[in-house]
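Keep in mind that the numbers below use all heavy atoms, side chains included, and drop hydrogens, waters and symmetry copies. Every value quoted in this text rests on a predicted model; they were computed, and no experiment measured them.
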Amino acid sequence: MAKIEMSVITRGRIPRGVEREIANTLHDCYRRFGSKSPYKVGVFVAENAAMIRDFLREEKFRLGINITDDEESVCYYDVWQGYPRISVCLERLTEFSKLARQGALRHEAAHSVLHGSLEYRIFRIPENCRQIALIKGIDSTVLEQVIYKLSGAVKDCEASIFLVDHDFIDCQAAFGLEWVWFPKEDKAISAAAATDRQAKFIYQTALLRPILFAHPLLSLPKAKKISLERQVLLGRRVEELVERLSGSEQGRLLQVANLIAEGLTQDTHQNVDSALHQAMSLA
């Protein structure tokens with residue numbers, strides 16, 4: 001395999017040892033991924049959340065991009081330069097254990113392989129789903145939020161499967177256990193969901209992201225191994241995520257998650273379409 005071209009840009013005070021750790025973790029990842037790796041990857045490391053947010057928003061303004069990214073995460077990927085780039089918030093990364101830090105970086109490396117072009121940032125709502133939403137009284141703006149959340153959930157599940165296939169397993173479980181699974185804005189949605197049916201639809205589809213991230217780790221083939229303690233804790237975390245829902249809602253949500261995960265193909269767009277069809281039963 002040809003050596004991957006990796007450029008690292010930093011903002012703020014980034015210790016050289018940390019920069020090396022990040023680069024070495026990613027290089028090792030791509031070595032294991034082999035020919036599936038992209039030819040070029042950018043890495044942006046910022047000292048704190050404000051720096052990473054300001055830098056990326058300035059860049060998107062310059063490029064005329066108005067798509068919202070998950071800028072509150074410890075790290076995430078984008079493709080706005082025409083090739084994948086992994087952005088890392090050092091302030092958040094240092095809150096994680098070493099194994100979870102590796103898991104976070106490897107998760108984004110998997111995205112750069114599987115979803116490293118602009119086509120994986122744009123998903124259209126199938127017409128029949130629009131018709132179902134119309135019948136159920138779901139606003140088009142709500143449906144747009146749902147497909148945005150579902151596309152992230154599906155891509156996270158694909159990334160987990162890819163990493164399991166390459167034997168990056170315990171680091172993903174560690175990352176899952178330490179990850180702040182539910183952003184603040186979604187907690188606000190959960191409060192509204194108690195009285196608003198459309199808010200509940202958004203809330204439940206938002207829950208699918210961490211559930212689908214964990215699914216491949218909770219249903220490993222016999223040949224794959226994971227720390228039993230981590231697997232049990234991860235299962236409990238999923239149970240905690242859905243405990244605010246009624247018993248029937250919990251069952252339906254977990255069934256939808258299983259159907260989505262078990263029906264995944266090699267085509268991400270087809271997977272997102274299928275996931276939206278399954279999720280319409282939650283509306």
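- The backbone N or O of Thr141 sits nowhere less than 3.5 Å from a side-chain atom of Asp139 that would complete a donor-acceptor pair.
- Atom CD1 in Ile135 sits 9.0 Å away from atom CE in Met280 (nearest 0.5 Å).
- Annotation: Gln266, atom CD; neighbour count of heavy atoms from other residues, nucleotides and ligands within 6.0 Å does not exceed 12.
- A donor-acceptor pair under 3.5 Å links the side-chain atoms of Ser112 to the main chain of Ala109, judged by distance alone.
- Distance check: Lys136 NZ to Cys129 SG gives 10.5 Å after rounding to the nearest 0.5 Å.
- Distance check: Gln278 CD to Arg252 CZ gives 13.0 Å after rounding to the nearest 0.5 Å.
- One hydrophobic cluster, built from ILVMFWY side chains closer than 4.5 Å, cannot hold both Leu259 and Leu276; they sit in different ones.
- Ionic pairing of Glu19 and Arg11 is not present here: no N-O contact between side-chain nitrogen and carboxylate oxygen is shorter than 4.0 angstrom.
- With respect to Glu239 and Arg236, no salt bridge is recorded, no charged nitrogen being found less than 4.0 Å from a carboxylate O.
- In this structure, CG in Leu163 is found 8.0 Å from CG in Leu114, a value given to the nearest 0.5 Å.
- A centroid separation of 6.0 Å or more is found between the aromatic rings of Tyr39 and Tyr83.
- Of the inter-residue distances, the one linking Arg31 atom CZ with Ile4 atom CD1 reads 13.0 Å to the nearest 0.5 angstrom.
- Between Asp78 and the options Arg121, Arg57, Arg85, a salt bridge (Lys or Arg N to Asp or Glu O under 4.0 Å) holds for only Arg85.
- From Leu233, atom CG reaches atom CG of Leu177 across 5.5 Å, with rounding to the nearest 0.5 Å.
- When each of Asn24, Asp28, Ile22 is tested with Leu26 by the rule side-chain contact (heavy atoms from CB on, under 4.5 Å), just one qualifies, namely Ile22.
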